[in-house]
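See below for the structure under consideration.
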Amino acid sequence: MAKLGFAMCVKSSIPPHRTPSSCLNSDSCAAITRRKTLIFTTSFLATYLHWHQNPNPNLSTSPPAIAQEFDDDLDKEETRVVQIFQETSSSVVYIKDLELAEIPKSSSGNNIGEAEDDNAKVEGTGSGFIWDKFGHIVTNYHVVSKLAKDTSGLQRCKVYLVDSGGKSITRDGKIVGFDPDYDLAVLKVDAVGNELKPVRISTSGELQVGQSCFAIGNPYGYENTLTTGVISGLGREIPSPNGRAIRGAIQTDAAINAGNSGGPLINSYGHVIGVNTATFTRRGSGMSSGVNFAIPIDTALRVVPTLIVYGTPYADRY
Amino acid sequence: MAKLGFAMCVKSSIPPHRTPSSCLNSDSCAAITRRKTLIFTTSFLATYLHWHQNPNPNLSTSPPAIAQEFDDDLDKEETRVVQIFQETSSSVVYIKDLELAEIPKSSSGNNIGEAEDDNAKVEGTGSGFIWDKFGHIVTNYHVVSKLAKDTSGLQRCKVYLVDSGGKSITRDGKIVGFDPDYDLAVLKVDAVGNELKPVRISTSGELQVGQSCFAIGNPYGYENTLTTGVISGLGREIPSPNGRAIRGAIQTDAAINAGNSGGPLINSYGHVIGVNTATFTRRGSGMSSGVNFAIPIDTALRVVPTLIVYGTPYADRY
Amino acid sequence: MAKLGFAMCVKSSIPPHRTPSSCLNSDSCAAITRRKTLIFTTSFLATYLHWHQNPNPNLSTSPPAIAQEFDDDLDKEETRVVQIFQETSSSVVYIKDLELAEIPKSSSGNNIGEAEDDNAKVEGTGSGFIWDKFGHIVTNYHVVSKLAKDTSGLQRCKVYLVDSGGKSITRDGKIVGFDPDYDLAVLKVDAVGNELKPVRISTSGELQVGQSCFAIGNPYGYENTLTTGVISGLGREIPSPNGRAIRGAIQTDAAINAGNSGGPLINSYGHVIGVNTATFTRRGSGMSSGVNFAIPIDTALRVVPTLIVYGTPYADRY
């Protein structure tokens, strides 16, 4: 048994593969179970037309059957999971840690300027979720620890989110407060009101081992990834970034990989029950083993408001 | 392709994180779907109250919205999985292998004395399940092989179980018999009758690829962990500890990690269909790959009674 | 974070453990939910009989209770998954790459001769699926790239499939065409008409994140393995074997390990929605991380007919 250990899902250091996610705008996805239209692409038909005119003599003399296609509606259970994702994914953000090559001469307001962006090195990536309409984002402390501890002024946090109109926007995230004891941190982005869709919060106090749960996040930079499983255990103890124990953690077999950190664990109502934080894995891989952990939302409900109101010793950053 | 091989889920060598599991007592969990009560912790309310009196001037002037919380009942399917866990988990035991520093001077009966415990080194951990009301525990041979082969008298097996009243108890496990050909072993603990809740046994002869299955065990020492999946394949061949082939093994994508060995694989009725034994993984990691194996319960039904009645060449240990 | 990268599920280099799969013949599995008959094996009864006559004096005086067994019918949801597997698995093939020690003196027609087989070295294994009744097999290009690029004449592809009568047959696979840009290839085997059961094709254009999906393939050589999950993401970008990007890839948390490459990803109707191709994993392990990828079937529907009709620059191999 070698080199297995408790690995925090630290920010994925893999260059992110960012692609447009298909269904971030719930408006455009109203018809979840609409039927497919049987239209073949032109090139596909052309191939067969051409084949009929000039068949390859090496092939058998009848044409290959055109692959049969089917209208496949989703059943009730699938539709429910699809809806959970569609209603929640726009509340989940993608966090990229940057280190600038040099301190920018002029502050570019809340957005990171293009020039500033070009010279920045991606230090890691993580996930987070929109807490309220004031632009507060909850994530793990270990996702933003470099920014939290920065004394050089070179650290930045870029937050990629989707506004209520379904448009992708990028904002600079400022540290509001953090608590290494519980591996939680709060960022604030300059986007308010109707632009933002906060998550809906459940409670973790009445969770039952065996109930379904869903993780949304950005493993290895793949944005808005949904993984599914059940609650595997409750009342677990996991190490916090400062070496103390976080009690009451939720264990799940929903895949949680590097980059999922800070994203929400949700129940079958789409309500947040935990903050995905760690996986028990081979050291350095950040690869899900099926033994994964989230900080219970009840802990976040206790810690986050305090962080928002009082900030931290580093409150001057805000 | 490097260093992938057939890894028996040998006893997890990670120091166990033992925490009270929330629902081992089925009595206290009768109300599976009871509704949550909307009571905020005092500290949470206090934060907001204080905020109203003394708002942080850096924040926007209206208070952050109190996170909306929801009453989330479980649906029928989730309730079923929760019940499977609650009805089965108290039949699953946690096995810790110990090596004493020296042979204890006086035998302390069936329980390991505290002093003896303090000087013991944890050699690994595994799982098992209660076979009958006579205190027989079924597990993998490879979980207890050190005790089975012990000639020094220094090996011990500590069995952590839950009695019918929901109380955690610890007992010394004695080897009754073992069969390396099938990677099966039987321990006996000094706890009988109403104290113990034996598993309920199904048959593995009529399993179908695709049906749901559930593993309960102690991966990396996390007690009473539930993981879920389907039967991925049947009639597989896996190597036994003595190098022979165990035929008819059940393959599943339910996560099975180091420490799950010896625990039950159960069907959607909560009845045992196999003994979780191995995963196909990177050598030395014991990490679930999604290609995991259990010995069929029909094999255990053939082997275990013989072991109970006749024991083995090492029967003098009993 | 070390040595994580984009790993194509290249052919598993592990010696395959081939075992008869229990239910490849859908005829013999008509009764999915038939009830078990309570017949104990003779040896089991004998054990208990013997025990009654000659009880082990070390045991308590009453016999161990005969393990209670249950009749466990499958519920509706489980029955559906079982049926998906039974209706699809005979359309999935197992591909073994061989390198001959020397060029055989006489061509043995379409089947690989035993002598030829004995001297062959297994280079890797993968999966594929039956495209049509003319014997065309679709797989990943990277599964058969050695054969595709072979100039020595020593490379072979053995295709293991099940005919419509449920009988396992082995055929030599000839390259019809391949397209490294999309990591797709078409083989042809000499088995036609009623012998073959082509897959049924759906469309990938209307997939929704959250819907159920199923992978069938041969991870580490374990034939006809079923793994389950949901669509985790859409529109992903994954690298093709020639370094270009394959767009529109489907992400899933259904376990996909080395050896699954080229097998079908299917929806809850048993219809193919993608070609399992890659997993994001520790380099060299080919181990599923829960972040797995398939080429969308719409891409295959565009590429495969062209490959069948026109072949490739290596068309002379056909």
Side-chain angles (χ1 to χ4, degrees), chain A residues 10-14 17 19-23 29 32 34-36 40-41 43-44 47-48 50-51 55-56 58-60 62 64-70 72 74-75 77-78 81-86 89 124 219-220 222-228 254-258 282 284-288, chain C residues 1-6 77 80 131-134 136 176 192 198-203 205-212 229-238 247 251 253 267-269 271-273 280-282 287-291 297-298 300-302 304-306 308-311 315 318:
Chain A
V10 275
K11 306 138 290 177
S12 170
S13 60
I14 283 85
H17 298 258
T19 55
S21 196
S22 67
C23 264
C29 288
I32 295 170
R34 74 202 142 168
R35 301 171 76 81
K36 71 179 275 301
F40 290 104
T41 61
S43 64
F44 179 52
T47 302
Y48 273 98
H50 182 90
W51 192 92
N56 182 333
N58 288 327
L59 286 170
S60 57
S62 63
I66 288 183
Q68 198 184 350
E69 287 190 293
F70 291 88
D72 295 333
L74 301 183
D75 74 6
E77 193 60 39
E78 289 182 288
V81 180
V82 169
Q83 281 175 329
I84 289 171
F85 177 76
Q86 291 182 2
S89 69
Y220 309 122
Y222 287 96
E223 274 184 280
N224 271 290
T225 287
L226 175 76
T227 50
T228 60
I256 293 181
N257 284 277
R282 203 174 173 84
S285 76
M287 236 178 84
S288 173
Chain C
M1 195 65 45
K3 287 201 191 147
L4 268 166
F6 216 103
E77 192 61 39
R80 193 178 180 186
W131 182 261
D132 58 29
K133 284 188 171 279
F134 299 95
H136 291 116
V176 170
V192 294
V199 293
R200 286 168 296 168
I201 304 283
S202 185
T203 181
E206 296 184 5
L207 292 174
Q208 308 266 7
V209 174
Q211 74 175 80
S212 302
V230 296
I231 305 287
S232 290
L234 292 165
R236 303 308 197 193
E237 206 171 275
I238 60 171
R247 289 176 211 286
Q251 184 185 341
D253 62 356
N267 66 13
S268 55
Y269 287 80
H271 304 158
V272 180
I273 55 174
F280 203 99
T281 189
R282 205 177 172 84
M287 235 180 86
S288 174
S289 62
V291 178
I297 196 65
D298 289 1
L301 276 169
R302 227 169 41 234
V304 168
T306 311
I308 290 176
V309 176
Y310 295 108
Y318 174 67

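By convention in this document, chain letters (A, B, ...) are assigned in the order of the sequence lines, proteins followed by strands, and residues within each chain are numbered from 1. Since we're looking at a predicted model, the values are computed, not measured.
C:Gln251 pairs by the side chain to side chain donor-acceptor pair (under 3.5 Å) definition with A:Thr225, C:Arg236, not counting sequence neighbours. Scanning for side chain to side chain contact (heavy atoms under 4.5 Å, CB included) contacts around C:Ser212 gives A:Glu78, C:Phe214, with sequence neighbours left out.
Summarising the geometry, atom CG belonging to C:Asn267 is positioned 10.5 Å from atom CG belonging to A:Asp75; distances are rounded to the nearest 0.5 Å.
Distance alone, capped at 3.5 Å, places no donor-acceptor pair between the A:Asn257 side chain and the C:Gly290 backbone.
Residues C:Gly210 and A:Leu226 come closest through the heavy atom pair CA-CD2, 3.5 Å. Counting all heavy atoms, side chain and backbone alike, A:Thr227 lies closest to C:Ser232 at CG2-OG, 4.1 Å.
With a 4.5 Å cut-off on non-hydrogen atoms, C:Ile231 touches chain A through its backbone but not through its side chain. Contact of C:Arg80 with chain A is made through the side chain alone, with heavy-atom distances under 4.5 Å.
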